[in-house]
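Here is the structure we will look at, set down as structure tokens.
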Amino acid sequence: QVQLVESGGGLVQAGGSLRLSCAASGRSFSRYSMGWFRQAPGKERAFVAAISWSGSNTYYTDSVKGRFTISRDNAKSTVYLQMNSLKPEDTAVYYCAAETRRPYTVALTTTAAEYDYWGQGTQVTVSS
């Protein structure tokens, strides 16, 4: 069992920055790939970024490349999403997720169904 708790969301003006955190507890966090997803009103949950167990491999959806950075601190069992140059279209509930079925893999997945633990989400609102 893995418990995930996101924090760091809020209201920010376009062009601003936020850093989301996702604190994990339970099973060995450091073994697993982690991902960030987001869901805007009326839309399906969408992949944002993922990071491998060691942090050596990362992947981003095209719309956030160069603006968002995913990182992790295994000693603190925490994964982060640094979001810069925010745009109104980044407004969504952001979720972190753990993919625990392939420990120690460097291969990353963008498919929500392959992540088996989820946090409760944190709202990010970007005003224009």
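Counting from 1, the numbers follow the sequence of the chain as shown.
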request  = Tell me, with the steps shown, if R72 and M34 meet side chain to side chain contact (heavy atoms under 4.5 Å, CB included).
outcome  = CA-CA 9 Å; R72 66 190 296 161; M34 299 292 295; 3.8 Å; yes
key: Evaluation steps, ring pair (Phe, Tyr, Trp, His ring centres under 6.0 Å), between Y104 and W53   = CA-CA 6 Å; Y104 299 120; W53 67 276; 5.0 Å; yes
query = Step by step, would you call Q39 with Y94 a side chain to side chain contact (heavy atoms under 4.5 Å, CB included)?
reply = CA-CA 7 Å; Q39 188 166 18; Y94 283 71; over 6 Å; no
request  = Could you go through the salt bridge (charged side-chain N to carboxylate O under 4.0 Å, His left out) check for K87 and D90 one step at a time?
outcome  = CA-CA 5 Å; K87 304 175 181 180; D90 294 318; over 6 Å; no
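Note that CZ of R67 and OG of S85 are 7.0 Å apart. Values are rounded to the nearest 0.5 Å. A distance of 9.5 Å separates OG of S21 from NZ of K76, quoted to the nearest 0.5 Å. In this structure, CD1 in I70 is found 9.0 Å from SG in C96, a value given to the nearest 0.5 Å. To the nearest 0.5 Å, atom CD of residue E89 and atom CZ of residue R38 are 8.5 Å apart. In this structure, the separation between CG on L81 and CG on L18 is 9.5 Å, given to the nearest 0.5 Å. Here CE of M83 is found 5.0 Å from CZ of F68. Values are rounded to the nearest 0.5 Å.
The shortest non-hydrogen separation linking F47 to T109 is CE1-O, 3.9 Å. Closest approach of N74 to F29, counting heavy atoms only: OD1-CE2, 3.1 Å. Contact detail for D116 and T100: the closest heavy-atom pair is OD2-OG1, 2.6 Å. Nearest heavy-atom pair across G35 and Y115 is N-CE2, 3.6 Å. Smallest separation of non-hydrogen atoms from V124 and G9: CG2-CA, 4.1 Å. The nearest pair of heavy atoms linking A98 to L4 is N-CD1, 3.8 Å.
Contact of the S17 side chain with the Q82 side chain is registered, since non-hydrogen atoms from C-beta on lie closer than 4.5 Å. The shortest distance between side-chain heavy atoms of T61 and W36 does not fall below 4.5 Å. A heavy-atom distance below 4.5 Å is not found between the side chains of V12 and T125.
Residue V48 is grouped with residue Y60 when hydrophobic side chains (ILVMFWY) are merged at heavy-atom distances under 4.5 angstrom, including chains of intermediate members. A continuous path of hydrophobic side-chain contacts links Y117 to I51 [ILVMFWY only; heavy atoms under 4.5 Å].
Open room surrounds OH on Y59; 12 or fewer heavy atoms of other groups in view lie less than 6.0 Å from it. Counted within 6.0 Å of NZ on K43, heavy atoms from surrounding residues, nucleotides or ligands total 12 or fewer; the atom is thus considered open.
Side chains of S127 and Q13: a donor-acceptor N/O pair is absent below 3.5 angstrom, by distance only. A donor-acceptor contact under 3.5 angstrom links the side chains of S54 and S56, judged on distance only. Donor-acceptor pairing under 3.5 Å is lacking for the side chains of R19 and Y80.
Between the side chain of S52 and the backbone N or O of N57, at least one donor-acceptor pair lies under 3.5 Å. T105 places no side-chain N or O within donor-acceptor distance of the main-chain N or O of R102, the cut-off being under 3.5 Å. Between the E6 side chain and the G121 main chain, a donor and an acceptor come within less than 3.5 Å of each other. Listed for the S28 side chain is no donor-acceptor partner under 3.5 Å among the backbone atoms of S30.
For the pair R45 and F37, the cation-pi test (distance below 6.0 Å, angle within 45°) is failed.
Ring geometry for Y95 against W118 counts as perpendicular: the plane angle is over 60°, on a 0 to 90° scale with 30° as the lower cut.
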